[in-house]
Protein chains: 2
Amino acid sequence: MAQARQPHDLLAASSVRPSPHWPDAAKALYGPARMSAQRALIAEEVMAFPGAFTAEDLHRTVGRRAEGVGLATVYRALAAMQEAGAIASVGERDGSALLARCGRDDHHHHLVCTTCGTVVGVECPLDHAALAAATREGHLVTSHEITLYGVCAVCRDQKDAG
Amino acid sequence: MAQARQPHDLLAASSVRPSPHWPDAAKALYGPARMSAQRALIAEEVMAFPGAFTAEDLHRTVGRRAEGVGLATVYRALAAMQEAGAIASVGERDGSALLARCGRDDHHHHLVCTTCGTVVGVECPLDHAALAAATREGHLVTSHEITLYGVCAVCRDQKDAG
DNA sequence: TGATAAGTGAGAAGCGTTCTCACTTTCTGT
DNA sequence: ACAGAAAGTGAGAACGCTTCTCACTTATCA
């Protein structure tokens, strides 16, 4: 029992070739960090998510394709992706951090769909005139955190249709 | 030993009379919830804080005036105040929730001073025209979370002076 | 004043996240 | 192609914040 730990099982589960030939799409998520079969698989699952997810969510979906991928490994992979700017923290749900794939590197924020969990990037909706009011009172605003919640276009359509 | 638990010690520490005569200012923070010597003391310390604080911060300052006030009591008091709308969660610091006294009941947000921790209420700086862009793409924005970070007027003055 | 519902303190428990350790794997330089 | 260094891995322990539990005390209202 517990024959476990056979990386080739993982490789078989993903559409991946051995050693230095990791899929570019997966590799891109990690920036300069080193790759592994586990990370390739995790990257695929991250890209498969339509919207925001928690570490636990991801660990579960990865677990469906390969057993024995540790939760710590998922956390480490997520940290690497965040470092590389491939994913972003977009809030929290029930005490767990909500993450989402995010290719944009311009200044923007996220709209989290409360129906399906999808995350949409949106322009910064700050009114600089309104911000000036704070400046007028003597304060200096250097940064901000914004998360929008609502219903995404797809869910609105379904609601209208159904 | 452990004579402990003598509410009158707590009463002596705060400027508070027995039983039904709690200071209105303190009582107001809890809304309809029941009062106690501990809660009166906690309320005083909350009002004494110039800005944002963590549960731990509060427990420490309360501990300076009266021993034996449990951490759980502080958390319960904070929950009651939040329920009553007297304080608000304004972000987090090192994994702990940041809370701040907040009398306003209109729609507004908070500017957290990164120098001194003071929290200032500010008008909602959302640009409704910019928000309309999201609507144009089919999304419906129902709510939002905004926290501004920067330097408050007092700290700016000190910086200019010093 | 007495009944009862709520608050309290101490510590256990819960939960998400990070760390540790021994081991495996990738990657770089030759 | 290969050896060695550096980084990743899995399992579970540890951690920090927060909540819960339990027996007891206290405020509040009839």
Side-chain angles (χ1 to χ4, degrees), chain A residues 2-11 16-22 26-27 30-43 53-60 62-63 66-83 89 92-99, chain B residues 2-11 16-22 26-27 30-43 53-60 62-63 66-83 89 92-99:
Chain A
Q3 78 296 17
R5 230 98 33 74
Q6 269 166 264
H8 290 301
D9 296 353
L10 290 169
L11 294 175
V16 147
R17 318 272 156 283
S19 229
H21 298 103
W22 308 105
K27 218 176 161 188
Y30 295 99
R34 195 174 286 191
M35 281 304 285
S36 71
Q38 290 88 336
R39 291 196 167 189
L41 188 47
I42 290 169
F53 55 88
T54 65
E56 174 85 34
D57 291 339
L58 182 56
H59 185 234
R60 197 179 316 115
V62 166
E67 291 192 359
V69 176
L71 183 55
T73 297
V74 170
Y75 273 103
R76 280 182 294 234
L78 287 171
M81 290 187 209
Q82 234 170 324
E83 181 99 0
S89 173
E92 71 156 61
R93 185 172 57 204
D94 303 331
S96 308
L98 266 187
L99 304 164
Chain B
Q3 80 294 19
R5 228 101 29 75
Q6 270 167 264
H8 291 304
D9 295 355
L10 290 170
L11 293 175
V16 147
R17 318 274 155 280
S19 229
H21 299 101
W22 308 104
K27 217 175 161 187
Y30 294 99
R34 196 174 285 192
M35 281 304 285
S36 71
Q38 290 90 335
R39 291 196 166 188
L41 188 46
I42 289 168
F53 55 87
T54 65
E56 174 84 35
D57 291 339
L58 182 57
H59 185 233
R60 197 180 316 114
V62 166
E67 291 190 359
V69 175
L71 183 55
T73 298
V74 171
Y75 273 103
R76 280 182 295 234
L78 287 171
M81 289 188 209
Q82 235 170 322
E83 181 99 1
S89 174
E92 71 155 59
R93 185 172 57 204
D94 303 331
S96 307
L98 266 186
L99 304 164

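Per chain, numbering begins at 1; letters A, B, ... match sequence-line order. In what follows, every heavy atom counts, from backbone to side chain, and hydrogens, waters and symmetry copies are set aside.
Between A:S36 and the phosphate of D:dT9, there is a side-chain N or O to OP1/OP2 separation shorter than 4.0 Å. Between A:W22 and C:dC27 there is a side-chain N or O to OP1 or OP2 distance below 4.0 Å. Within the structure, every side-chain polar atom (N or O) of B:Q38 is placed at least 4.0 Å from both OP1 and OP2 of D:dT25.
Nucleotide C:dG7 holds its C1' atom 11 Å from the CD1 atom of B:I42, rounded to whole Å. Rounded to whole Å, the distance from NE2 on B:H59 to C1' on D:dT18 is 13 Å. Atom pair B:R76:CZ and C:dG11:C1' shows a separation of 12 Å (rounding to whole Å applied). Atom pair A:L41:CG and D:dT9:P shows a separation of 11 Å (rounding to whole Å applied). As a whole-Å value, the separation of B:L71 CG from C:dA13 P is 17 Å. The separation between B:D94 atom CG and C:dG16 atom C1' is 16 Å, rounded to whole Å. With rounding to whole Å, B:E92 atom CD is found 12 Å from D:dG16 atom C1'. For the pair A:R39 CZ and D:dG8 P, the computed distance is 5 Å after rounding to whole Å.
Out of C:dT17, D:dG10, D:dC20, the shortest distance to the side chain of A:S96 is found at C:dT17. For B:Y75, counting side-chain heavy atoms from C-beta on, the closest listed nucleotide (D:dT18, D:dG10, C:dT17) is D:dT18.
Side-chain atoms of A:R34 come within donor-acceptor range of the base of C:dT26, with a qualifying N/O pair under 3.5 Å.
A:Q38 is not listed as a side-chain neighbour of A:V62, based on a closest heavy-atom distance of 4.5 Å or more. B:T73 is listed as a side-chain neighbour of B:I42, based on a closest heavy-atom distance under 4.5 Å.
Annotation for A:A43 and A:M81: closest pair CA-CE, 4.2 Å, computed over non-hydrogen atoms.
Within a 6.0 Å sphere centred on CD of B:E92, heavy atoms belonging to other residues, nucleotides or ligands number more than 12.
A donor-acceptor pair is defined here as one N or O able to donate and one able to accept, closer than 3.5 Å; such a pair exists between the side chain of B:H59 and the backbone of B:V69.
If you check every strand for non-hydrogen atoms under 4.0 Å, B:A77 touches nothing.
Toward the 5' end of DNA chain C, the nearer of the two residues A:A33 and B:G70, judged by each one's closest nucleotide, is B:G70. Each of A:A72 and B:M35 was matched to the nucleotide of DNA chain D holding its nearest heavy atom; the match closer to the 5' end belongs to A:A72.
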